[in-house]
Structures are given as structure tokens and as C-alpha cells.
Amino acid sequence: MTDKTIIAIMYDFDKTLCTKDMQDYAFIPSLNMTTKEFWGKANEVGTSLHMDSVLAYMYTMLLESKERNIPLTRKSLVEKGNKIEFFPGVKEWFSRINSFAEKNNVSVEHYVISSGLKEIIEGTSISGEFKEIYGCEFVYDNNGLAVFPKTAVNYTNKTQFVYRINKGVLDVANDYDLNKSMPDDSKRIPFCNMIYIGDGLSDVPCMKMMKSYGGVSIAVYQNDVTVKVMDLLQNDRVDYIYPADYSEGSGLDKTVKNIIRKMAVCETLFIENFNQKNGKFL
């Protein structure tokens with residue numbers, strides 16, 4: 001056993017950390033399309049081809065870029081990350097939460113689990129704050145052009161990444177260790193030391209998973225509380241709802257710190273119990 005535990009905070013990205021869909025900031029304008037036109041086309045592709053909605057938007061990105069003779073490259077997508085706009089307090093959030101955790105003798109690791117594009121997230125000013133970014137990715141040919149989806153993170157398979165974090169099997173190509181039986185006490189980050197922050201229905205599987213296995217789920221919202229967000233709380237799918245304000249002293253900030261404090265105390269008591277059962281007394 002170790003005297004220090006790890007707490008994982010997992011985030012959706014679009015409308016959770018940034019204010020709208022990440023493609024809306026720079027990618028869609030680069031096609032000279034409106035967001036309504038692009039997402040309408042993606043929905044049309046998905047419906048007509050009976051296609052997963054995430055694969056449909058990735059295919060539409062390829063289709064529209066090719067039609068306009070605009071190279072869709074990894075470099076161009078990463079560069080578009082610098083146009084992302086974040087909710088209040090996001091940029092300062094990570095160092096502040098990390099520092100608070102250290103004062104409580106625990107450490108925090110931050111993860112993204114997003115149906116958006118990993119390449120765009122990697123180009124943002126906060127990309128270095130995350131231990132791992134799970135998002136949709138393209139395969140690129142020898143000329144650097146996107147040719148095919150490499151990873152598609154849809155609403156239901158988001159939960160596999162929670163399991164990866166739980167077991168410490170972070171490589172998406174390593175399914176063998178992910179599916180291998182593992183005793184609960186050997187898992188790197190127990191579910192009870194996990195917090196998931198998302199914005200809505202696309203995050204429900206992960207939020208419900210947290211509720212079921214002892215973690216904590218939080219839904220954030222823009223402006224006023226919506227019926228959908230209230231339904232998440234009233235239907236017991238999330239533990240808390242807050243405005244997407246990550247500033248110091250906000251409701252979200254105070255509650256996450258209280259959760260960290262509680263997790264730290266629970267871990268301390270668990271370690272004391274473990275030590276006593278093994279003949280180690282203070």
C-alpha cells in the first residue's frame with residue numbers, strides 16, 4: 001500500500017470545458033460553411049447511410065474538405081486548437097486543483113474523454129494538463145492527409161476509457177490487458193476515486209457508471225439551468241449540477257474540492273484499516 005492515492009478527474013470537452021463544439025471555432029469557417037450547414041450535412045450523411053453519428057461527422061469533414069480542395073492534415077487540425085474559447089476559470093483550474101490535492105496528500109490526474117477531435121484538443125493551450133486525451137482521430141497518409149478514422153469515441157463507448165483509467169491500461173491498442181481479469185485492490189485508480197464532468201446526454205453512460213460504482217458525476221451547463229440538465233439530477237444520473245464556471249470560489253470549484261477532501265479522508269481510513277489488519281499499528 002502507498003500513503004498517497006490518485007484521484008482521476010475526467011472531462012468531456014465540447015460545452016464542458018469549451019463553449020461550443022470545437023469544430024465551430026475554426027474548422028467549419030475554414031470551409032466557408034455555417035455551423036448549421038455543416039452539422040446539417042453531417043446529420044444527413046448519418047441518416048442516409050445509417051451511420052454512427054461520430055463517424056458521420058468525421059466522414060463529412062473528409063468529404064467537405066476534399067470537395068473544396070482544402071487539405072485536411074493533422075497539422076492543420078492542431079493549429080485550429082488555438083482558436084478554442086474556454087469557460088471562465090478553465091485555464092487556471094488545473095494548477096489550482098492539483099495544488100489543493102497535494103495539500104490533502106493526494107494527487108489528481110486529469111483526462112479528456114471526448115467525441116471531439118484529439119488533434120484539435122492537442123492544439124489548445126490546456127492540452128498539457130491532461131495525462132491522456134481520448135478523442136476521435138484520423139489516420140494520415142504519407143502526404144499527411146487524413147484518409148480514415150483511427151479512433152471514434154461515441155456516446156456509449158466512452159465508458160471503455162473509464163475502464164482504461166481504472167485499470168491503468170491507457171494504450172487504446174491494448175485490449176488484452178483491458179479485458180483481463182484484475183482484482184479490485186490492484187486497479188490503479190478505484191472508481192470511488194473518480195470524478196466525471198460533462199454537459200449532457202452524451203455523457204450519461206459515464207455519469208451513470210460513476211453513480212453505480214461509487215464515483216462522482218457532475219453536469220455543467222451554460223447560462224440558465226435547462227430541463228435536460230435538471231432531468232439528469234432528478235433521475236439520479238448525476239450527483240451535482242453547476243454552471244460551467246471553473247473560477248476559484250465558484251460552486252463547481254468548492255464542490256470538487258470537497259469531493260477531493262472526502263476521497264482523501266476515505267483513502268486514509270482505508271489505509272489505516274489495511275495496515276492494522278496486517279499487524280501495523282501507529
Side-chain angles (χ1 to χ4, degrees), residues 1-13 16 52-55 58 98 101 105-119 121-122 127-139 148-198 202-218 237-239 259-260 262-264 266-275 277-278 280:
M1 296 292 297
T2 173
D3 289 336
K4 199 167 196 178
T5 193
I6 303 170
I7 293 171
I9 305 182
M10 301 163 288
Y11 310 82
D12 180 38
F13 202 86
T16 295
D52 176 272
S53 61
V54 171
L55 290 171
M58 296 179 76
N98 293 345
N105 200 36
V106 296
S107 63
V108 168
E109 293 177 354
H110 304 273
Y111 296 85
V112 168
I113 306 176
S114 171
S115 294
L117 287 169
K118 181 176 181 179
E119 293 93 331
I121 297 171
E122 287 178 342
S127 63
E129 305 289 354
F130 304 108
K131 183 173 179 66
E132 191 65 60
I133 297 170
Y134 293 115
C136 301
E137 291 184 85
F138 287 104
V139 173
F148 195 80
K150 180 169 81 171
T151 304
V153 180
N154 65 27
Y155 306 147
T156 53
N157 76 6
K158 277 187 172 186
T159 56
Q160 74 147 301
F161 302 105
V162 178
Y163 280 113
R164 289 189 180 281
I165 295 165
N166 169 238
K167 291 186 171 184
V169 183
L170 302 184
D171 183 357
V172 295
N174 186 354
D175 289 333
Y176 176 78
D177 288 327
L178 176 64
N179 293 310
K180 190 165 61 175
S181 177
M182 183 182 292
D184 285 341
D185 61 3
S186 67
K187 292 175 180 175
R188 186 170 182 270
I189 305 178
F191 291 117
C192 61
N193 288 338
M194 290 184 164
I195 304 169
Y196 186 91
I197 303 176
S202 67
D203 301 297
V204 165
C206 290
M207 290 172 167
K208 191 66 177 177
M209 186 179 183
M210 290 295 97
K211 293 276 294 177
S212 298
Y213 293 127
V216 178
S217 57
I218 302 172
R237 290 180 165 185
V238 299
D239 296 289
I259 293 167
I260 291 171
K262 179 183 176 182
M263 288 178 173
C266 289
E267 185 69 15
T268 298
L269 291 173
F270 175 80
I271 292 170
E272 288 174 358
N273 178 262
F274 177 88
N275 287 338
K277 286 181 177 179
N278 286 273
K280 298 177 182 178

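Everything quoted here is computed from the prediction, not taken from an experiment.
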Would you say the side chain of [Y] lies within less than 4.5 Å of the side chain of [X], judging by non-hydrogen atoms?
{"X": "M194", "Y": "I7", "result": "no"}
{"X": "Y111", "Y": "I9", "result": "no"}
{"X": "V106", "Y": "I260", "result": "yes"}
{"X": "M10", "Y": "I165", "result": "yes"}
{"X": "M207", "Y": "Y196", "result": "yes"}
{"X": "V162", "Y": "M210", "result": "yes"}
{"X": "S115", "Y": "K158", "result": "yes"}
{"X": "N193", "Y": "T5", "result": "yes"}

Compare every heavy atom of [Y] with every heavy atom of [X], then report the nearest pair and how far apart it is.
{"X": "D203", "Y": "G198", "result": "OD2-CA, 3.4 Å"}
{"X": "C136", "Y": "V153", "result": "SG-N, 3.3 Å"}
{"X": "P149", "Y": "M58", "result": "CB-CE, 3.8 Å"}
{"X": "N166", "Y": "P190", "result": "ND2-CA, 3.9 Å"}

Trace of the side-chain contact (heavy atoms from CB on, under 4.5 Å) decision for V216 with K211: CA-CA 6 Å; V216 178; K211 293 276 294 177; over 6 Å; no
Just verifying a value: how many Å separate R237 CZ and S217 OG, rounded to the nearest 0.5 Å?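 R237 CZ to S217 OG: 11.0 Å, rounded to 0.5 Å.
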Euclidean distance, I113 CD1 relative to I197 CD1, rounded to 0.5 Å: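 Rounded to the nearest 0.5 Å, the CD1-CD1 separation comes to 11.5 Å.
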Of I133, V112, L117, the residue whose pairing with E122 passes side chain to side chain contact (heavy atoms under 4.5 Å, CB included):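 The option that passes is I133.
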Just by distance, do the side chain of [X] and the backbone of [Y] share a donor-acceptor pair under 3.5 Å?
{"X": "N157", "Y": "A152", "result": "yes"}
{"X": "K167", "Y": "L178", "result": "yes"}
{"X": "D239", "Y": "I218", "result": "no"}
{"X": "S186", "Y": "M182", "result": "no"}

Any idea how Y213 and F191 line up, ring-wise: parallel (<30°), tilted (30 to 60°), or perpendicular (>60°)? parallel
Tell me yes or no: between the side chains of N154 and S53, is some donor less than 3.5 Å from an acceptor?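 No donor-acceptor contact under 3.5 Å links the two side chains.
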The residue among F161, Y163, Y11 that forms ring pair (Phe, Tyr, Trp, His ring centres under 6.0 Å) with Y134 is F161
List the steps and the verdict of salt bridge (charged side-chain N to carboxylate O under 4.0 Å, His left out) for E109 and R188. CA-CA 12 Å; E109 293 177 354; R188 186 170 182 270; 2.6 Å; yes
Give me the one residue out of D175, D177, D171 that meets salt bridge (charged side-chain N to carboxylate O under 4.0 Å, His left out) with R164.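 Among D175, D177, D171, the one meeting salt bridge (charged side-chain N to carboxylate O under 4.0 Å, His left out) with R164 is D175.
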